[in-house]
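Below: one structure, written as structure tokens.
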Amino acid sequence: FRATATFEKAPKGLDCNVISFSAMTLERTKALIQNFCDGAHINAHIEIIQNLKTYPEFDWQKVESYNYNWKLKSPFVK
């Protein structure tokens with residue numbers, strides 16, 4: 001799984017407004033990306049995709065897409 005967080009502005013200390021994390025499970029991937037948002041104190045649009053093929057082949061499919069509010073520590077709707 002790969003999660004990508006897009007921010008309205010770059011988090012303090014970074015020169016970009018997008019960051020990605022990868023892990024073997026959906027739960028771990030969500031935990032990594034949400035923990036980053038919590039630590040950076042920043043809301044984000046999060047998209048999680050999964051490769052349905054076996055490496056080195058790829059067939060990326062969207063699993064989840066949501067807005068994350070670090071203060072509530074949960075997804076929210078704009």
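Residue numbers start at 1 and run along the sequence shown. Just so you know, these numbers use all the heavy atoms, side chains as well, and skip hydrogens, waters and symmetry mates.
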Could you walk me through whether Glu64 and Lys30 pass salt bridge (Lys or Arg N to Asp or Glu O under 4.0 Å), step by step?
CA-CA 10 Å; Glu64 291 186 34; Lys30 288 175 79 169; 3.3 Å; yes

Side chains of residues 53-62: which donor-acceptor partners sit under 3.5 Å, not counting sequence neighbours?
residue	atom	partner	partner atom	Å
Asp59	OD1	Gln61	NE2	2.8

Could you give the side-chain donor-acceptor pairs of residues 16-23 under 3.5 Å, partners two or more places apart or in another chain?
residue	atom	partner	partner atom	Å
Asn17	ND2	Phe7	O	3.3
Ser20	OG	Thr4	OG1	3.0

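Within the 4.5 Å cutoff, the side chain of Ile49 has no heavy atoms near those of the Val63 side chain. The closest side-chain heavy-atom distance from Lys12 to Ile42 is not below 4.5 Å.
Atom CG of Asn67 sits about 6.0 Å away from atom NE2 of His45, to the nearest 0.5 Å. Distance OH/Tyr68 to CD1/Ile46: 7.0 Å, rounded to 0.5 Å. Atoms CG and CZ, on Leu14 and Phe36 in that order, are 5.0 Å from each other to the nearest 0.5 Å. The OG1 atom of Thr6 lies 13.0 Å from the CG atom of Asn43; values are rounded to the nearest 0.5 Å.
Annotation for Thr29 and Ala3: closest pair CG2-CB, 3.4 Å, computed over non-hydrogen atoms. Contact detail for Thr25 and Phe1: the closest heavy-atom pair is C-CD1, 3.4 Å.
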